[in-house]
Amino acid sequence: MKPSAQLTHKIIAAQCGKSDRSLNPLPDTLLMLPEQNVNILLVDDQPKNLLTLSAILDSPGLNLVTADSGLQALRCLLNHDFAVILLDVQMPLMDGFETAALIRQRERSQHTPIIFITALNQDETHVERGYSLGAVDYLLKPFAPEIIKSKVTVFVELFKKTQLLEQQTALLEAANKKLECEITQRKIAEEALRHAHDSLEIKVQERTAQLAQANASLQAEITQRKMVELALFQEKEQAQVTLQSIGDGVITINAQGLVEYLNPVASELTGFPVQEAKGKPLSDIVRIVDETTREVCKSPAETAMRSGKQVCLDKPAVLITREGDELAVDNCATPLRASDNQIIGAVLVLRDVTAARHIEQQLSWQASHDALTGLVNRRFFENCLQKAVMTAKTSGQQHALCYLDLDQFKLVNDTCGHIAGDELLRQVTALFQSLVRSSDTLARLGGDEFGLLLFHCPLDAAERVASKLREQIQEFRFVWQGKTFSIGVSIGLVAIDANTQGVTSVMSAADSACYAAKNKGRNRVQVYQADDHELALQQSQMQWVARLTQALEENRFCLYYQSIVPSRQTSSLATHYEILLRLIDEQGNLVSPMAFIPAAERYNLMHCIDRWVIRTLFTSLGRHYREKQNPCRLLGDDCDCLYAINISGASVSDEQFIEFVREQLVLHEVPPQVICFEITETVAIANLRQAAQFMRSLKQVGCRFALDDFGSGMSSFAYLKNLPVDYLKIDGGFVRQIVDEPTDLAMVEAINHIGHVMGLQTIAEFVENKAILEKITAIRVDYAQGYGIAKPRPLLLN
């Protein structure tokens with residue numbers, strides 16, 4: 001006898017590795033794919049811009065990756081796929097266009113959308129270059145949040161849809177293969193049924209015609225039954241092998257909730273052998289608790305049997321094993337039905353996700369903590385500070401914020417290297433942690449700066465805590481490779497109460513108080529008082545930081561020039577000019593450099609301003625010389641023009657500044673002989689080695705140098721031997737009173753004489769009238785500069 005159609009179908013399905021239930025239609029979950037986080041790359045060399053963009057784009061489902069240079073952006077592309085890249089055009093070393101070109105060379109990111117961020121005017125050439133590199137759009141600074149969100153959202157949604165389409169396509173292909181297998185199974189089954197039907201008809205005819213062969217037919221039926229039993233046994237064996245080989249734990253229970261089967265993975269997860277678990281209530285074998293609340297979760301298997309639907313726990317859950325160990329698990333239960341659709345039990349599937357959840361928690365920790373010290377980072381700290389400000393306003397609670405800046409940290413870093421500096425930060429962190437409460441929040445804000453948020457702490461108590469921290473740091477000794485260092489800490493302390501305006505204001509106040517502590521001699525605690533004049537000055541300078549940064553982005557600086565002329569009409573010396581800087585404020589008013597230069601120097605913006613001056617001047621000069629065909633007879637020593645540019649101490653100490661100047665000279669085809677850099681005497685003395693190296697490097701290409709405000713130091717002239725300068729600019733404090741003060745006249749004569757002995761040309765500043773001009777002419781000072789000669793005028797090179 002042939003097997004029946006139903007039995008044949010089961011045999012074929014078993015041979016394909018599926019039960020007859022696999023012939024059901026495709027599951028609804030085919031189109032219900034989990035939504036994944038989308039990566040967005042933000043590239044800008046200005047931390048403030050990165051913070052602004054991050055704040056604008058921060059939303060669930062978006063993973064914002066930041067890079068402060070083109071090189072770092074390329075490194076990020078090694079490990080991530082991005083829905084869109086927001087790329088700043090103007091960046092040092094490698095600008096946005098160069099970065100975009102390199103991005104397009106990578107096969108993995110050839111089609112990633114790039115939106116350029118720029119503060120430049122979008123002329124046609126600029127735009128064409130961007131689009132030729134694969135840009136899809138431009139965003140102008142200052143940022144417009146709604147525009148940025150809308151444009152980025154388009155590419156995020158497109159990226160999501162593309163990912164979803166790819167995943168659905170893969171699932172549909174798998175489902176199609178499965179369907180083809182089922183169709184093949186059904187065809188085979190139909191063929192088997194057809195053959196069985198024909199065989200049955202023959203047997204009926206044989207039985208009718210040959211009753212004598214009844215015994216033979218009965219024997220044949222017995223044989224057929226043995227074959228069926230064998231097929232059923234093989235099907236069962238194959239199902240058990242399948243359950244034992246899969247990576248998830250599978251447990252089946254009957255309608256009474258008693259365990260009937262565990263596969264080896266489930267036995268290993270729960271700690272119960274199959275024979276011991278069989279027949280026991282599921283709750284005795286599987287104990288699942290909520291990962292956060294530690295409450296016992298309702299059994300998903302029992303819920304599935306009651307509801308008749310598949311049930312999965314949607315909250316992070318933990319499986320308590322027989323030995324008391326904890327495993328993070330995902331679990332899902334599905335009801336089992338008999339042929340009459342009655343529920344006869346359930347299947348519980350457990351998946352061990354301990355490793356994956358550990359990685360998830362580790363990534364979450366890294367996003368909110370400083371890798372070096374293990375403390376929370378600035379972003380997490382500001383979130384805590386925001387909550388403290390809110391509770392102070394709504395509940396009348398009092399808190400305090402300490403802004404801590406280590407003193408003499410740079411000495412350790414420069415003397416022993418960054419490895420020693422990192423170890424010092426770790427030891428200081430441990431010391432701080434031992435002195436604060438567990439309820440307080442200690443964070444590393446950046447570099448050697450820390451933040452301490454003291455919850456439920458009035459100002460007088462906070463001052464005692466701050467003083468204790470300062471005393472312990474003062475007593476602390478850092479030892480590195482046989483060297484012992486003493487450090488200190490300057491602390492700015494501010495109260496957080498109902499009058500506190502917000503996170504920005506309280507952080508600004510604490511920062512101002514900290515800087516005031518440093519200015520008063522370091523290693524002290526400064527309590528912020530709103531009416532403190534010195535703190536008000538500190539905050540005023542801090543406000544200049546944002547204004548200057550915005551002015552650089554919006555190109556709101558402008559150049560002036562003031563003539564420096566020979567003091568004697570018969571002199572063969574040539575006229576040259578000092579380039580001066582002005583700022584156009586937000587209302588269009590002209591701002592003197594003395595209003596913003598101190599803030600720029602203090603908050604490390606002068607090197608950016610110096611580069612803006614050089615880039616702007618060289619661009620204009622290069623265009624001027626190309627159009628006028630070099631009118632200044634630059635090949636000889638009788639140049640008609642020389643442009644003097646003031647350089648800050650920050651640029652003198654910047655090792656990359658020299659290369660920047662060289663690049664600008666070559667890029668704009670500016671003759672080096674027409675450029676003279678002015679460095680003040682105090683900067684030169686404070687950075688004597690760097691200043692000498694700076695001068696020698698640029699004099700090799702043809703530039704000249706002037707020592708500005710000469711005489712203001714007056715400690716010794718010996719250092720002049722080490723500085724290859726061409727001009728001495730006599731400090732205007734001596735020149736202004738030269739007519740009436742014999743001492744000032746003697747000082748100017750001495751400086752002028754020393755300069756001439758050393759082969760240098762001298763320049764008198766602050767020549768404000770004819771009488772002063774006659775005096776400096778009489779003592780043979782070479783040049784004169786001042787309002788009595790010419791006032792500053794706008795530089796109008798096109």
Side-chain angles (χ1 to χ4, degrees), residues 12-41 59-65 76-85 103-104 106-114 134 136 152-188 238-239 241-250 263 265 309-314 316 328-334 347-360 363:
I12 295 170
Q15 292 172 345
C16 290
K18 306 290 182 178
S19 69
D20 57 348
R21 290 190 297 274
S22 66
L23 300 179
N24 292 335
L26 295 177
D28 293 338
T29 54
L30 179 61
L31 299 178
M32 297 172 59
L33 297 173
E35 185 173 355
Q36 301 180 354
N37 284 349
V38 176
N39 296 325
I40 297 177
L41 179 58
S59 64
L62 293 185
N63 182 28
L64 304 178
V65 180
C76 293
L77 285 166
L78 294 175
N79 303 316
H80 301 286
D81 290 325
F82 295 93
V84 64
I85 301 173
I103 290 174
R104 288 300 183 234
R106 298 179 68 256
E107 180 178 353
R108 185 172 176 178
S109 58
Q110 281 182 350
H111 304 293
T112 302
I114 298 176
V136 298
V152 170
T153 299
V154 172
F155 294 103
V156 168
E157 293 301 319
L158 180 59
F159 184 77
K160 287 181 177 180
K161 291 178 180 178
T162 301
Q163 283 190 322
L164 181 61
L165 181 59
E166 291 175 352
Q167 295 174 3
Q168 289 179 342
T169 301
L171 289 174
L172 286 171
E173 289 177 353
N176 189 40
K177 291 181 180 179
K178 176 181 176 182
L179 184 59
E180 290 177 354
C181 181
E182 292 176 350
I183 292 173
T184 301
Q185 293 175 21
R186 289 179 180 176
K187 287 182 178 180
I188 294 173
Q238 189 167 7
V241 169
T242 301
L243 287 174
Q244 291 176 357
S245 62
I246 64 176
D248 295 339
V250 178
N263 72 343
V265 175
K309 299 178 181 178
Q310 186 181 64
V311 176
C312 299
L313 293 181
D314 56 355
V329 293
D330 286 342
N331 55 88
C332 205
T334 305
V347 176
L348 176 65
V349 179
L350 300 173
R351 174 172 296 174
D352 185 359
V353 294
T354 304
R357 197 166 295 174
H358 176 72
I359 293 174
E360 180 182 342
L363 291 175

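Quantities reported herein were computed from a predicted structural model and do not represent experimental measurements.
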Which is it for Val250 and Val347 under the side chain to side chain contact (heavy atoms under 4.5 Å, CB included) test, yes or no, and what are the steps along the way? CA-CA 7 Å; Val250 178; Val347 176; 3.8 Å; yes
Heavy-atom side-chain proximity of Ile114 to Arg104 below 4.5 angstrom: yes
With a 4.5 Å limit on heavy-atom distance, are the side chains of Leu77 and Arg106 in contact? yes
Rounded at 0.5 Å granularity, tell me how far OG in Ser59 sits from CD1 in Ile40. 7.0 Å
Does Val84 offer a backbone N or O that forms a donor-acceptor pair with the side chain of Asn39 under 3.5 Å? no
Is there a side-chain contact between Ile85 and Ile103 in this structure, where contact means two heavy atoms from C-beta onward sitting under 4.5 Å apart? yes
Could you tell me the separation between the CG atom of Asn176 and the CD1 atom of Ile183, rounded to the nearest 0.5 Å? 8.0 Å
For Val265 and Gly249, work out which heavy atoms get closest and say how close. CG1-N, 3.5 Å
Rounding to 0.5 Å, atoms CG (Asn263) and CG (Leu350) come to a distance of 9.0 Å
Using modelled atom types only, decide if a donor and an acceptor are shared between the side chain of Arg186 and the backbone of Cys181 within a distance under 3.5 Å. no
Main-chain N/O of Leu62 paired to Asn37 side chain as donor or acceptor, under 3.5 Å: no
Heavy-atom closest contact (Leu41 atom, Cys76 atom, distance): CD1-CB, 4.1 Å
Could you check whether any side-chain N or O of Asp352 sits under 3.5 Å from a backbone N or O of Val329, counting only pairs where one atom can act as donor and the other as acceptor? no
Leu171 CG to Lys178 NZ distance, which is reported to the nearest 0.5 Å: 11.5 Å
Taking side chain as C-beta onward, heavy atoms only, is Phe159 less than 4.5 Å from Pro113? no
Rounded to the nearest 0.5 angstrom, the NE2-OG1 distance for His80 and Thr112 is 13.0 Å
Quick check for you: to the nearest 0.5 Å, what is the distance between Lys160 atom NZ and Leu158 atom CG? 12.0 Å
Would you check if Val154 and Val152 make a side-chain contact, meaning some heavy-atom pair closer than 4.5 Å? no
